[in-house]
Amino acid sequence: MAVARSRLAATAVQVAPALLGAVVRSRAGGAEVAVRITEVEAYEGLDDPASHAFRGPTPRAAIMFGPPGYLYCYFTYGMHWCANVVCGPDGTAAAVLLRAGAVIAGADVAAARRPTARRDRDLARGPARLAACLGLGAAHTGLDLCDEHSDVVLASMPDQPSAVICTGPRVGIRAATERQWRFWLPDESTVSGYRRHPKARYPQ
DNA sequence: AGGACGATTAACT
DNA sequence: GTTAATCGTCCTC
């Protein structure tokens, strides 16, 4: 099954905590891996200087302005891919970065894709690690996560947001570090540690 | 056409 | 704690 698109039509700040505990299932790359999400970040559009959508619908960011429920993968630091769930109503820019999760199916495949991981909890601990586990890259941006026949599916979301959710500044960004738009589940060993950007405008 | 800078990770000291 | 790896994107000539 796949999550209804309407559940993703709210702002990124609203959708992000609701995605904690969600399950993403991927058969990209020919083998099935599923992850339970434990850490996310919200990126809104034109008012968020840390968002790829801040400068408008550039070729890369255009998908953030489209309808919710689609996968946005981007390439960063010349070597890594990261994965987002596009959210917000059509015409507004918003996405939730999947920062970390626990592998709940296909751990053998995930481990083969993450040869440097020393423990299971490190397989999808970090956004580029999570995307690597799921086999995601350029070919998968634009996939419909709300179509259960897609290679990458948002299989489930909790009916109610978790009772206790931690928040803090987003990781690795220079601007808008005062916004507490990173959300994670407490007591989860897969949550990545906070790392301030070396050139952040405000100390954190 | 040129260059700065990453929504990061791993491997160092 | 520090730093190299590595290239697409986007801004500024």
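Predicted model only: the values in this text are computed from it and were never measured. The chains referred to below are lettered A, B, ... by the order of the sequence lines, with proteins before strands, and numbering in each begins at 1. The figures here come from the full heavy-atom set of this structure, side chains too, leaving out hydrogens, waters and symmetry mates.
- Checked against B:dA10, B:dA7, B:dT8, the side chain of A:M64 finds its nearest nucleotide in B:dA7.
- Remark: C1' of B:dT8 and CG of A:D122 are 15 Å apart, rounded to the nearest angstrom.
- A donor-acceptor contact closer than 3.5 angstrom links the side chains of A:R99 and A:S192.
- A:S51 and A:E44 form no side-chain donor-acceptor contact under 3.5 Å, judged by distance and modelled atom types alone.
- A:Y72 has its OH atom 9 Å from the C1' atom of B:dA7, to the nearest Å.
- Nucleic acid contact for A:R114: sugar-phosphate only, since backbone atoms but no base atoms lie under 4.0 Å from a heavy atom of the residue.
- Qualifying side chain to side chain contact (heavy atoms under 4.5 Å, CB included) partners for A:V3, counting only residues two or more places apart in sequence or in other chains: A:R7, A:L154, A:M157.
- A:R99 has a side-chain polar atom (N or O) that falls below the 4.0 Å cut-off from OP1 or OP2 of B:dT8.
- Whole-Å rounding puts the A:M79 CE to B:dA7 C1' distance at 14 Å.
- Counting non-hydrogen atoms under 4.0 angstrom, A:R60 reaches the backbone sugars and phosphates but no base.
- Base pairing in DNA chain B gives the following stems of 3 or more Watson-Crick or G-U pairs, range against range and under 3.5 Å: B:1-6 with C:7-12, B:8-12 with C:1-5.
- Note that A:R170 lies in the cation-pi zone of A:Y43, set by a 6.0 Å cut-off to the ring centre and a 45° limit from the axis.
- Between A:N84 atom CG and B:dA7 atom P there is a gap of 11 Å when expressed in whole angstrom units.
- Remark: P of B:dA7 and CG of A:L136 are 18 Å apart, rounded to the nearest angstrom.
- Linking ILVMFWY side-chain heavy atoms closer than 4.5 Å, directly or via other members, places A:V35 and A:L185 in a single hydrophobic cluster.
- A:Y43 comes within 4.0 angstrom of a base, heavy atoms only.
- Residue-level contact check: A:A128 touches the backbone only, with heavy atoms under 4.0 Å from sugar-phosphate atoms and none from bases.
- Summarising the geometry, the separation between CD on A:E39 and P on B:dT8 is reported as 10 Å, rounded to the nearest angstrom.
- Put simply, NE2 on A:H52 is 12 Å from C1' on B:dT8, counting in whole angstrom units.
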Practice task
Go through the steps to decide whether A:R36 and A:E188 satisfy the test salt bridge (Lys or Arg N to Asp or Glu O under 4.0 Å), and finish with yes or no.
Solution key: CA-CA 11 Å; A:R36 187 179 122 263; A:E188 290 280 349; 2.5 Å; yes
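- To the nearest angstrom, C1' of B:dA7 lies 15 Å from CD1 of A:I37.
- If you look at A:H52 and A:Y74, their ring centroids are closer than 6.0 Å.
- Between the side chain of A:R113 and the backbone N or O of A:A131 there is no donor-acceptor pair closer than 3.5 Å.
- Running 5' to 3' along DNA chain C, contacts with non-hydrogen atoms of chain A at under 4.0 Å begin and end at C:dA5 to C:dC11.
- No single ILVMFWY cluster, assembled from side-chain heavy atoms under 4.5 Å apart, contains both A:V40 and A:V171.
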